Amino acid sequence: QITLKESGPTLVKPTQTLTLTCTFSGFSLSTSGVGVAWIRQPPGKALEFLALIYGNDDKRYSPSLKSRLTITKDTSKNQVVLTMTNMDPVDTATYYCSHDSPGTTGLDYWGQGTLVTVSS
Amino acid sequence: QSVLTQPPSASGTPGQRVTISCSGSSSNIGGNYAYWFQQLPGTAPKLLIYMTNQRPSGVPDRFSGSKSGTSASLAISGLRSEDEADYYCVAWDDSLSAVVFGGGTKLTVL
């Protein structure tokens, strides 16, 4: 059974760096053909892709946010970490992580999401 | 501005068939699979359709997906009140080397 859970601060100040952790179980991120993605959703708005890391450590980023994002994995801890620099109030959103089976079932399992508010 | 274009809203009465469109380009929908997600209020998105027209186990066969050229569609037949939700289309974009989402369609069951 695949499960994912996001964790991190609920409130960050403008200009600060956000660090979110996705802790998962039920699969290994040490094999190719599996990935973990981060997606966010501002209140009342659409879903937005942020970043994706595969088991072979290949990484993909949203072109519009690439300069601010870093995604890494810790295979031994079954965790994927996303950092986003220079946070702004417009970055207030629910942040989700998701298991990815590229080319097949895609983003098939999602965490519950964590709401991050950016405010001074 | 989303890369994939969906109508912001759709509606139907119980028992009706409703179709939601998703327009893209040759670099995403045109050359790759389309995926559809259902998001109920206050919950995480749920995979509804994968590989353009496949349903995960547990998803009723009232839901179906298709694609023609650079557009994909989600059809819901026998509409039920519990289908009232936001629906998103998703695809891989070869030019952007990234996942792209539609802007979402809010389905109302009248």
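In what follows, chains carry the letters A, B, and so on, assigned in the order in which the sequence lines appear, proteins first and then strands, with residues in each chain numbered from 1. Remember, it's a predicted structure, so these values are computed and weren't measured experimentally.
Side-chain heavy atoms closer than 4.5 Å link hydrophobic residues (I, L, V, M, F, W, Y) into clusters, and following such links, even through other members, never connects B:Tyr35 to A:Val36. By the rule that hydrophobic residues join a cluster once side-chain heavy atoms approach within less than 4.5 Å of another member, A:Phe24 and A:Ile53 end up as members of one cluster. Tracing side-chain contacts under 4.5 Å through hydrophobic residues (I, L, V, M, F, W, Y), one reaches B:Trp36 starting from B:Val18; they form part of the same cluster. A:Trp38 and A:Leu29 fall within a single hydrophobic cluster, where Ile, Leu, Val, Met, Phe, Trp and Tyr are joined by side-chain heavy atoms under 4.5 Å apart, directly or via other members. When hydrophobic clusters are built by joining Ile, Leu, Val, Met, Phe, Trp and Tyr residues whose side-chain heavy atoms come closer than 4.5 Å, directly or via intermediates, B:Leu74 is not grouped with B:Val3.
In this structure, no portion of B:Gln54 lies under 4.5 Å from any heavy atom of chain A. For chain A, no part of B:Pro56 is nearby; none of its heavy atoms comes within less than 4.5 Å. Heavy atoms closer than 4.5 Å to chain B are found in the side chain of A:Ile39, but not in its backbone. Interface remark: A:Leu107 contributes backbone and side-chain atoms alike to the contact with chain B (heavy atom separation under 4.5 Å). Heavy atoms closer than 4.5 Å to chain B are found nowhere in A:Tyr109, neither backbone nor side chain.
Minimum heavy-atom separation, B:Gln39 to A:Tyr96: NE2-OH, 3.4 Å. For A:Ala46 against B:Tyr88, the heavy-atom pair with the smallest separation is CA-OH, 3.6 Å. Nearest approach of A:Phe49 to B:Ala98, heavy atoms of both residues: CE2-CB, 3.7 Å.
More than 12 heavy atoms of other shown residues, nucleotides or ligands fall within 6.0 angstrom of atom CZ in B:Arg62.
Of the residues considered (A:Gly103, A:Ala37, A:Gly113, A:Pro63), A:Gly103 shows the highest number of contacts with chain B, using heavy-atom pairs under 4.5 Å. Interface remark: of the candidates A:Lys45, A:Glu48, A:Gln41, A:Gln112, A:Gln41 forms the most heavy-atom pairs closer than 4.5 Å to chain B. Chain A forms the most heavy-atom pairs under 4.5 Å with one residue out of B:Pro45, B:Ala44, B:Gly102, and that residue is B:Pro45.
Two residues are said to be in side-chain contact when any heavy atoms from C-beta on lie closer than 4.5 Å; A:Arg60 and B:Trp92 meet this criterion.
The NZ atom of A:Lys59 lies 15.5 Å from the OG atom of B:Ser97; values are rounded to the nearest 0.5 Å. Of the inter-residue distances, the one linking A:Ser98 atom OG with B:Phe37 atom CZ reads 6.5 Å to the nearest 0.5 angstrom.
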